[in-house]
Amino acid sequence: MTNSITPKLLPKRAGLDYPSPVLAVKNLRVEFGPRVIFKDLTFSIGDKERVAFAGHNGAGKSTLMKCIGGVLLPNAGEINKPKHHRIGYLPQEGIHITGISLYDEVESAFAETKAIQEEVARLEKDLPNLDPRSAPYSDLLNKIGELEIQLDGHDPTRMRPRIQAILSGLGFKQSDLERDCGEFSGGWQMRIAMAKLFLSEPEVLLLDEPTNHLDIGAQRFMENYLHSYKGAIVLISHDRSMMDGLTTRTIAFHHGRAEEFTGNYSSYETQLKERQDNLRKQKVNQDREIAKTEQFINRFRAQANKASQVQSRIKHLAKIERIEIDAEDAVMSFRFPDPPASTHLVAKLEKSAQQYGELIVFRDLDLEVTRGEKIAIVGPNGAGKSTFCRMITGEEQPSSGHHELGPKSKPSFFNQNHADELAPDLTVLETVEQIQTRGSKMSARDVLGCFLFKGDDVFKKVGVLSGGERSRVALVRMLVRPANFLILDEPTNHLDMQSQDILQKALIDYPGTLLIVSHNRNFLDPIVQKTMEFRPNEDPRMFAGNLTYYLEKTEEDEKEVKERTSPAPSQFAKQAAAKGPQLSSKERRKKEAAIREKRNKVLKPLQNEFESVEKQIADLEGAQATISAHLEKPEISGDAEELRKATNAYEQASKKLEMAYSKWETLSDQIEKLQAELAN
C-alpha cells in the first residue's frame with residue numbers, strides 16, 4: 001500500500017464538481033479461493049464527502065472497507081492517500097479491550113497531543129542548564145515555541161471535556177470512566193472504539209454498520225456528530241433513514257463491479273431502477289439487431305456472390321460488446337402463516353416488578369396489550385426492554401405483581417440469544433423444516449431465500465455459520481411458526497435492505513399483535529401505531545404514535561425542561577453574593593460601588609454578548625433543521641446540483657454552529673469567573 005495520490009483516477013462527469021481526493025482506490029482485486037469478490041475496482045473519495053457503500057450482503061462492501069482500513073491485503077491494485085492523512089476504521093464486531101480503564105483507553109486517541117506535551121515538559125527542564133545568551137538556549141526556546149504552536153492546534157485544555165462529552169453521548173455514565181474496559185459487553189466495546197475514532201478525527205472515517213450496537217439515544221448523538229464531522233465518511237448501513245440524511249454519493253457493488261450514483265440512498269435506488277430499465281431496453285434492441293445479422297449470415301452463407309457481405313457481418317458480430325443483464329435476485333414476498341384466533345386481551349402486566357439481586361429493572365408496571373396492537377419498544381441499553389419482552393411472553397416471571405396471557409394468545413418470541421440455542425449439527429434447511437408446519441404458504445427454501453440464504457447456503461451446517469447468519473436462521477424459525485402474538489427483539493440487525501423490505505411488508509400485513517424492539521426509524525414507522533419508552537430508574541412511558549412522533553415529542557419535552565431549569569447568569573451572582581463576608585457600612589458601600597462599576601463595564605457587556613450568542617445558536621440550529629428537512633425532499637435528493645448546494649449550506653451552518661458553541665463556552669466561563677470574583 002503506497003501513500004501517494006495518483007493524479008488522475010476517474011474522469012469528471014458533466015455537471016459534477018468532485019472535491020480533491022483524500023482516498024483513491026485503483027484497479028483493486030480481492031479473491032477468496034476461486035471466488036473473485038471484485039476486480040479492476042477504481043474510484044476516489046473527496047475531502048469531506050459522505051459516501052455510502054451499497055449492495056447485497058456478500059457483495060464485498062465490508063471486504064473493501066477492511067482493505068481500505070489496512071486489515072486485509074488485496075490481491076492486486078493500490079489504495080492511495082496523501083502522506084499525512086489518517087484512516088479510521090470501525091468494524092462490525094470483533095473488538096475486545098481489557099486491562100485498561102475506559103477513560104485511559106479513550107484518552108489514547110490523543111496520544112500525539114500527550115507526546116507533544118511530554119516533549120515540551122522535557123525540553124523546559126533542560127532550559128535552566130543553558131546560558132540564556134547562548135545559541136543552544138535560543139534554539140531550544142524556538143523548538144519549545146514550535147511545539148506549543150502545535151499544541152494550540154490540538155487544544156489540550158479541551159481534551160477531558162471532549163472525552164466526557166463523547167462518552168456521555170454514546171451512553172456511558174460518569175461512574176464508568178474508571179471501570180476496566182474488559183467489564184463491558186461486546187456492544188459497549190464497539191462504542192468504546194467508536195468514541196476513540198470520533199476523538200482522533202481521522203481524515204477518512206470508515207464505519208461498518210455503526211448502529212448495530214446503539215440504542216436510540218446513542219444513535220441520535222452519532223448521527224448529529226457525523227453531520228458536522230470535518231473529514232470524509234464512508235458508511236455501510238442498513239438504516240435507510242441515516243443513509244438518506246447523511247450520504248451524498250453511493251458506490252454500489254454487484255457481481256464484482258462498482259457503479260457510482262449521486263445523491264442519498266433513496267436517490268440511488270431510483271437511479272438504479274432507471275439504469276436497469278434503460279439497459280433492458282438497450283439489450284432488447286441489440287438482441288433484435290444481432291438476430292437480424294445472424295439471419296442474414298445463415299441465409300446467404302452458401303452463396304458465393306454474398307460471401308464478402310457475410311464475412312463483413314461475421315466480423316461485425318465478433319466486435320459487438322454484448323450487453324449483459326445480471327440475473328436479478330427474485331423479488332420475493334413473505335407472508336406469515338395465518339395466526340390462530342385471539343381474544344381481545346393478548347397480555348397483561350399488573351403492578352409487576354423485576355429485580356435481580358439489588359438491581360431493580362422496573363417496578364409497579366401496568367400494561368394491557370390488546371388484539372391487533374403494534375407497539376415499538378425503545379430506550380437505552382440496560383433500561384429493561386429485553387426483560388420486559390421476556391416477561392410479557394411468560395418466558396420469565398416477574399419478581400412481584402401479576403402477569404397474564406390471554407386465553408387464546410399464542411406468542412412467538414425472537415431474541416438474539418436464541419441463535420445460540422440452535423443445533424450445530426443440523427443444516428440451515430433442516431433447522432427451519434423442523435419447526436415449519438404442514439400446509440405452509442411458502443416452502444422453507446423460499447422463506448430462507450427472502451432472508452439471504454440462497455442456493456447451496458441452505459445446506460450449510462449451523463455450526464459453521466457466523467453470528468449474524470445464525471441470528472437470521474433463528475429469525476426465520478420464529479417467522480414460520482403460526483402465532484398471533486409476535487415479539488421481535490432487534491430483528492433487522494443482520495438483514496440487508498431487501499430483506500428488511502420483505503420483513504417490513506409482511507409485518508404491515510400481519511393481522512396479529514406485535515411488540516418490536518428496534519431503533520430503525522424507517523423500518524418501524526409504517527408498522528407501529530404506538531411507542532413504549534423504557535429509561536433507567538423511571539417508569540415506562542407510552543406514546544400514541546410511531547417512532548418519528550416519539551422522537552419529536554421527546555425533543556420538545558427536553559427543550560421545555562432545559563428552558564425551565566436553566567438558571568439565568570444573574571442568579572449565580574445573587575447566590576455568590578449571599579455567601580460573602582460581613583463588612584462595615586463604609587467598606588460595604590465602597591465595595592458595592594466597585595462591584596457596580598465592574599459589573600457595568602465588564603460583566604454587562606459579556607452578558608449581552610452571551611445572550612447574543614445564545615440567539616445565534618438558536619437561529620443556526622433552526623437553519624440546520626430547515627436545511628435537513630430540505631435535503632430529505634425527493635426533488636432535492638434526486639437533483640445533484642441542488643443536493644450539492646443544500647449539503648454545502650448544511651456544512652456552513654455546522655461550522656458556524658461549532659464556532660458559536662465554542663464562543664458560548666468561553667463567555668460562560670468568563671461570566672462565571674467574574675461573578676465569583678465579584679461575589680468574593
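F534 and F388 have tilted rings, their planes meeting at an angle from 30° to 60° on a 0 to 90° scale.
With sequence neighbours left out, the side-chain contact (heavy atoms from CB on, under 4.5 Å) criterion links E538 to R535. Remark: Y229 pairs with R50, E201, P202, L205, Y225, I233 by the side-chain contact (heavy atoms from CB on, under 4.5 Å) rule, at least two apart or across chains.
Between K663 and E609 there is a salt bridge, since at least one side-chain N of the basic residue sits less than 4.0 Å from a carboxylate O of the acidic one. Using a cutoff of 4.0 Å between basic side-chain nitrogens and carboxylate oxygens, K230 and D47 are not scored as salt-bridged. A salt bridge is defined here as a Lys NZ or Arg NE, NH1 or NH2 lying under 4.0 Å from an Asp or Glu carboxylate O, and K196 with E107 fails to meet this definition.
The closest side-chain heavy-atom distance from R521 to D239 is not below 4.5 Å. The shortest side-chain heavy-atom distance between F543 and K530 does not fall under the 4.5 Å cut-off. You'll find the side chain of E178 stays beyond 4.5 Å of the side chain of L102, heavy atoms only. Between L235 and L206 there is no side-chain heavy-atom pair separated by less than 4.5 Å. Contact annotation: the side chain of I360 never approaches that of F362 to less than 4.5 Å [non-hydrogen atoms, C-beta and beyond]. With a 4.5 Å cut-off on side-chain heavy atoms, D208 and L90 do not count as touching. Looking at heavy atoms from C-beta onward, K81 lies out of side-chain contact with R86 at the 4.5 angstrom threshold. Residues T531 and I375 have side chains not in contact (no heavy-atom distance under 4.5 Å, counting atoms from C-beta outward).
Here the options are Y103, F221, W188, the test is ring-ring contact (aromatic ring centres under 6.0 Å, His included), and the partner is F172; only W188 passes.
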Item to complete: Begin from the C-alpha positions of R122 and E119 and carry the test salt bridge (Lys or Arg N to Asp or Glu O under 4.0 Å) through to its verdict.
Response: CA-CA 5 Å; R122 186 184 67 78; E119 179 68 2; 2.8 Å; yes
Worksheet item: Do E269 and R240 pass the salt bridge (Lys or Arg N to Asp or Glu O under 4.0 Å) test, and can you show the C-alpha distance, the side-chain angles, and the key distance before you say yes or no?
Response: CA-CA 11 Å; E269 288 184 313; R240 188 181 267 101; 2.9 Å; yes
Practice prompt. Mind running salt bridge (Lys or Arg N to Asp or Glu O under 4.0 Å) on E490 and K385 for me, showing each step along the way?
Written response: CA-CA 11 Å; E490 297 287 3; K385 302 187 301 293; over 6 Å; no
Practice prompt. Evaluate the criterion side chain to side chain contact (heavy atoms under 4.5 Å, CB included) for residue pair I68 and I87; output intermediate values, then yes/no.
Written response: CA-CA 8 Å; I68 297 172; I87 294 175; 4.1 Å; yes
Discussion item. Between D180 and S101, is the side chain to side chain contact (heavy atoms under 4.5 Å, CB included) condition met? List the steps.
Written reply: CA-CA 4 Å; D180 190 293; S101 73; over 6 Å; no
Worksheet item: How far apart are the C-alpha atoms of L207 and I236, what are their side-chain angles, what is the distance that settles it, and do they pass the side chain to side chain contact (heavy atoms under 4.5 Å, CB included) test?
Response: CA-CA 6 Å; L207 303 174; I236 299 172; over 6 Å; no
Discussion item. Between E552 and T548, does the side-chain hydrogen bond (donor to acceptor under 3.5 Å, both in side chains) criterion hold? Intermediate values first, please.
Written reply: CA-CA 6 Å; E552 291 171 352; T548 295; over 6 Å; no
Discussion item. Let's go through L226 and F198 carefully: what are the C-alpha distance in whole Å and the side-chain angles of both, what is the deciding distance for side chain to side chain contact (heavy atoms under 4.5 Å, CB included) to 0.1 Å, and is it a yes or a no?
Written reply: CA-CA 9 Å; L226 293 179; F198 287 175; 4.0 Å; yes
Worksheet item: How far apart are the C-alpha atoms of D557 and K553, what are their side-chain angles, what is the distance that settles it, and do they pass the salt bridge (Lys or Arg N to Asp or Glu O under 4.0 Å) test?
Response: CA-CA 6 Å; D557 293 347; K553 191 73 175 67; 3.3 Å; yes
Fill in: Full working for side-chain hydrogen bond (donor to acceptor under 3.5 Å, both in side chains) between Q500 and H238
CA-CA 8 Å; Q500 282 189 33; H238 294 146; 4.5 Å; no
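Summarising the geometry of V234 relative to M65, their closest heavy-atom pair is O-CE, 3.6 Å, with the distance given to 0.1 Å. Nearest approach of G88 to L197, heavy atoms of both residues: CA-CD2, 3.5 Å. Pairing each heavy atom of Q92 with each of N212, the nearest pair is OE1-ND2, 4.1 Å. N264 and T250 make their closest contact through O-OG1, 4.0 Å (heavy atoms, listed as atom of the first residue, atom of the second, distance).
No hydrogens or angles considered: a donor-acceptor pair under 3.5 Å links the side chains of Q271 and S267.
Interatomic distance, CG of L214 versus CE of M242, reported as 8.5 Å (0.5 Å rounding). Once rounded to the nearest 0.5 Å, the distance linking CG of L123 with CD of E118 reads 12.0 Å. Rounding to the nearest 0.5 Å places CG of D104 at 12.5 Å from CD1 of I97.
Heavy-atom neighbours of R363 CZ from other residues, nucleotides or ligands within 6.0 Å: at or below the threshold of 12.
For the pair R179 and F184, the distance from NZ or CZ to the six-membered ring centre is under 6.0 Å and the angle to the ring normal is within 45 degrees.
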